[in-house]
Amino acid sequence: MTSVLVNPDERSLPSSVQPEARSAPRPPGEDPPLRTGRWWTLAVLVSLILLVVLMMLWLSRDRAKLRTTSQLTTRTAVDTLLDDQAAGRADADTQVRIPTGVFLQSMKFVSANDVRFTGYVWQRFDGDVRDQILSDGRVDVVGPDGQVTKVLSGLIFPQQVDTSFSMERRFVHYNEPRAGSAPSTSLPPPSVVATTTTGPATPAPPVTEPPATDTLPPMLFRSSLARLATTEGTTVVGWYFEAPVRQMEETRAQAAGRGPDQNPFERKSFDYSDYPFDDKVIRLRVWPADFENNVVLVPDFDAYPCQAQPTTPCTKDDDIFGIDNGITLGNFLPKNTWFDYHREDYYSSNLGLDHFQQTDYPELQFNILIRRNIGNAFVSSFVPLAVIAGLAFAVLLTITTDERRSRRFRFSPLQVVTATATLFFALLLAHLQLRNQFENVVYFDWFYFLTYLVLLGVAVNAVLVAAPNASQRLFLRYGDNLIPQLLFWPTVLGAAVLLTVVIL
């Protein structure tokens, strides 16, 4: 009979801490809890660091300095610029400069590159020329050479894309030269033209009776009339307009192949590649209606007085003027407005005029710098991405090589593929909504591409785990599919940081 020696110390120990129990092998795929917890702690720490880096990059990009061009803030700066540009031209001494102003009441994107404006534009002429404006629209203007030129009043928007909208003359206002006198306003009658079969068209006689209160232009109050004309002894004629205008991005052109007198800038469609961290310069280009005479439009700075100092124009670099205080443009917010000039090359045609003046001529532009409100963009685009990525991670956690956990989670590759396919269609609908807004690939598109790869990776992982001999693969066997789960968020956030650094 064989005797077995038993250590009395071991008999006194509970069965849970017997040496046999301590040395018993763990089920396949199961690792010590302490080691697994350390790996998860490291993964969470790395993910938090990458998330903070990503948010700092977004915040830095959103607070980046807004891009602006050279801004004209005073009439002296305008005259100096125009004198320099006119130097050497044969018609420099006959150049007539007409103060022109813009006041926008609404703006709306009707497409990715078209903006619909509504508001008022006006021109200012010296003296009381109301009768000339109301008769045929031509005004006697004295040029720098002392010669009197009949200039056609009126403005044209060269980039208007819908001719069904037009300007309508709403007021002709004369500022009395005597200080403190009440200004008088004459509204023109509707533009009625009498036509005959034997002679030219004859304009209808003007009506100069004072208008009733209810005939004032809509959305234009009497206080606004006083703000539009503050120079004594001048006549201001104003038009109400509503027009969709094509917008173009203005960038400096390459020097190669361009002559010294050619326009140093080129225009292209709006670039939304950095959406939603994009800012745009909306431009309203204005031409004089008179193409035959030597007419240049200049900003009417006196029409934008400061509220605290009415005699001082609020047209400095950081001022927002010429737009309604409550104006909105979808998800964009106005940040700055200014006037400047653009010299466009119109060499392809002279419109049949011997004295066509628009060739290489300074073209007045009213600019509005807008920046997108990223809060709305993140709620509509980024939140669905984050939710879908979180659901994909939850699906990944159910993938296991342990039969007991597999029965608990009811894991099967088919169920995982079905779940990822459902998430894919939800992601596709959100992506299509974004793609309908833009023609080119934008910054947020790359996050959708990344999420597509994440869903595909989760489905492939489920198939590999259930494949034969999957338990022999160290990558999937260790920690019961622990490595893909640990690498999920660091990989996704690291790719997001890399995309942000490269694209933005």
Side-chain angles (χ1 to χ4, degrees), residues 61-73 77-78 81 100-119 121 155-161 241 243-254 263-287 297-299 301 304 314-325 327-345 362-374 376-377 437-440 442-443 504:
R61 180 61 178 83
D62 185 53
R63 293 184 176 181
K65 181 176 176 58
L66 297 171
R67 56 194 177 96
T68 58
T69 58
S70 58
Q71 303 184 19
L72 300 173
T73 59
V78 172
L81 176 65
T100 303
V102 177
F103 182 77
L104 301 179
Q105 294 182 303
S106 69
M107 295 183 293
K108 178 183 178 181
F109 270 104
V110 294
S111 68
N113 295 287
D114 294 339
V115 177
R116 182 174 176 177
F117 294 103
T118 63
V121 291
L155 300 170
I156 295 174
F157 304 130
Q159 290 186 296
Q160 183 175 344
V161 295
F241 74 96
V245 178
R246 177 64 47 85
Q247 298 296 316
M248 305 294 286
E249 197 99 40
E250 189 173 89
T251 57
R252 187 170 292 275
Q254 299 294 331
N263 177 21
F265 294 91
E266 63 180 10
R267 286 169 170 157
K268 61 180 182 180
S269 299
F270 273 157
D271 182 15
Y272 293 92
S273 60
D274 51 353
Y275 170 88
F277 301 96
D278 52 335
D279 52 88
K280 298 287 178 283
V281 178
I282 306 298
R283 294 181 171 89
L284 181 63
R285 300 166 55 191
V286 184
W287 280 6
L297 303 179
V298 296
F301 292 116
Y304 306 101
C314 273
T315 55
K316 299 185 293 297
D317 292 346
D318 298 330
D319 291 332
I320 300 179
F321 62 93
I323 61 176
D324 190 273
N325 293 332
I327 199 169
T328 59
L329 189 59
N331 293 326
F332 289 94
L333 300 175
K335 295 297 182 180
N336 196 9
T337 58
W338 72 94
F339 283 100
D340 66 0
Y341 284 98
H342 180 84
R343 298 183 68 178
E344 191 66 72
D345 301 330
E363 178 182 294
L364 183 64
Q365 294 183 142
F366 181 70
N367 307 275
I368 309 100
L369 176 63
I370 58 176
R371 166 157 286 184
R372 189 182 298 274
N373 182 6
I374 64 174
N376 295 336
Q437 303 178 39
F438 311 106
E439 297 178 356
N440 56 330
V442 300
Y443 168 66
L504 294 184

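Only heavy atoms go into these numbers, but all of them, side chains included; no hydrogens, no water, no symmetry mates.
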If we only count heavy atoms from C-beta on, is the Arg246 to Asn113 side-chain gap below 4.5 Å?
yes
Closest contact, heavy atoms only, Ile282 versus Phe117:
CG2-CZ, 3.3 Å
Taking side-chain contact (heavy atoms from CB on, under 4.5 Å) as the test, write out the residues that go with Val286, two or more places apart.
Leu155, Phe157, Leu284, Leu297
Going by the angle between their ring planes, with limits at 30° and 60°, are Phe366 and Phe321 parallel, tilted or perpendicular?
perpendicular
Minimum heavy-atom distance between Asp340 and Leu72, given as atom pair plus value:
CA-CD1, 3.8 Å
To check you understand the geometry: which heavy-atom pair defines the closest contact between Phe339 and Asn367, and what is its length?
C-ND2, 4.1 Å
Treating Arg371 as the side-chain partner and Lys335 as the backbone partner, does any N or O pair qualify as donor plus acceptor under 3.5 Å?
no
Which atom of Ala112 lies closest to which atom of Tyr272, heavy atoms considered
O-OH, 2.6 Å
Heavy atoms, side chains only, cut-off 4.5 Å: are Val115 and Val245 in contact?
no
As an exercise, state the distance from CG of Asn336 to CD of Gln71, rounded to the nearest 0.5 Å.
4.5 Å
Exactly one of His342, Gln159, Gln247, Gln365 should register a side chain to side chain donor-acceptor pair (under 3.5 Å) with Arg285. Which one does?
Gln159
Hey, could you give me the CD1/CD1 distance between Ile368 and Ile327, rounded to the nearest 0.5 Å?
7.5 Å
Taking side chain to side chain donor-acceptor pair (under 3.5 Å) as the definition, give me every residue that meets it alongside Asp278, ordered by chain and number, with sequence neighbours left out.
Lys280, Arg372
Could you go through Val442 and Gln437, starting from their C-alpha distance and side-chain angles, then the distance that decides it, and tell me whether this counts as side chain to side chain contact (heavy atoms under 4.5 Å, CB included)?
CA-CA 10 Å; Val442 300; Gln437 303 178 39; over 6 Å; no
Let me see the working for Asn440 and Tyr275 under side chain to side chain contact (heavy atoms under 4.5 Å, CB included), right down to the final yes or no.
CA-CA 11 Å; Asn440 56 330; Tyr275 170 88; over 6 Å; no
Report the C-alpha distance between Thr100 and Val121 in whole Å, list the side-chain angles of each, state the deciding distance to 0.1 Å, and finish with yes or no for side chain to side chain contact (heavy atoms under 4.5 Å, CB included).
CA-CA 7 Å; Thr100 303; Val121 291; 5.6 Å; no
List the steps and the verdict of side chain to side chain contact (heavy atoms under 4.5 Å, CB included) for Val78 and Phe301.
CA-CA 10 Å; Val78 172; Phe301 292 116; 3.6 Å; yes
Look up atom CG in Leu333 and atom CD1 in Ile374, then write down how far apart they are to the nearest 0.5 Å.
11.0 Å
If the condition is ring pair (Phe, Tyr, Trp, His ring centres under 6.0 Å), which residues does Phe270 pass it with, not counting sequence neighbours?
none
Search all heavy atoms of Pro299 against all heavy atoms of Tyr341 and return the closest pair with its distance.
CD-OH, 3.6 Å
Nearest heavy-atom neighbours spanning Ile323 and Pro334:
CD1-CB, 3.9 Å
According to the interplanar angle, ranging from 0 to 90°, do the rings of Phe332 and Phe109 count as parallel (below 30°), tilted (30 to 60°) or perpendicular (above 60°)?
tilted
Here the gap from Thr118 atom OG1 to Leu104 atom CG, rounded to the nearest 0.5 Å, amounts to 7.5 Å
Indicate yes or no for a side-chain donor-acceptor contact from Thr315 to the backbone of Thr73 under 3.5 Å, with no hydrogens or angles considered.
yes
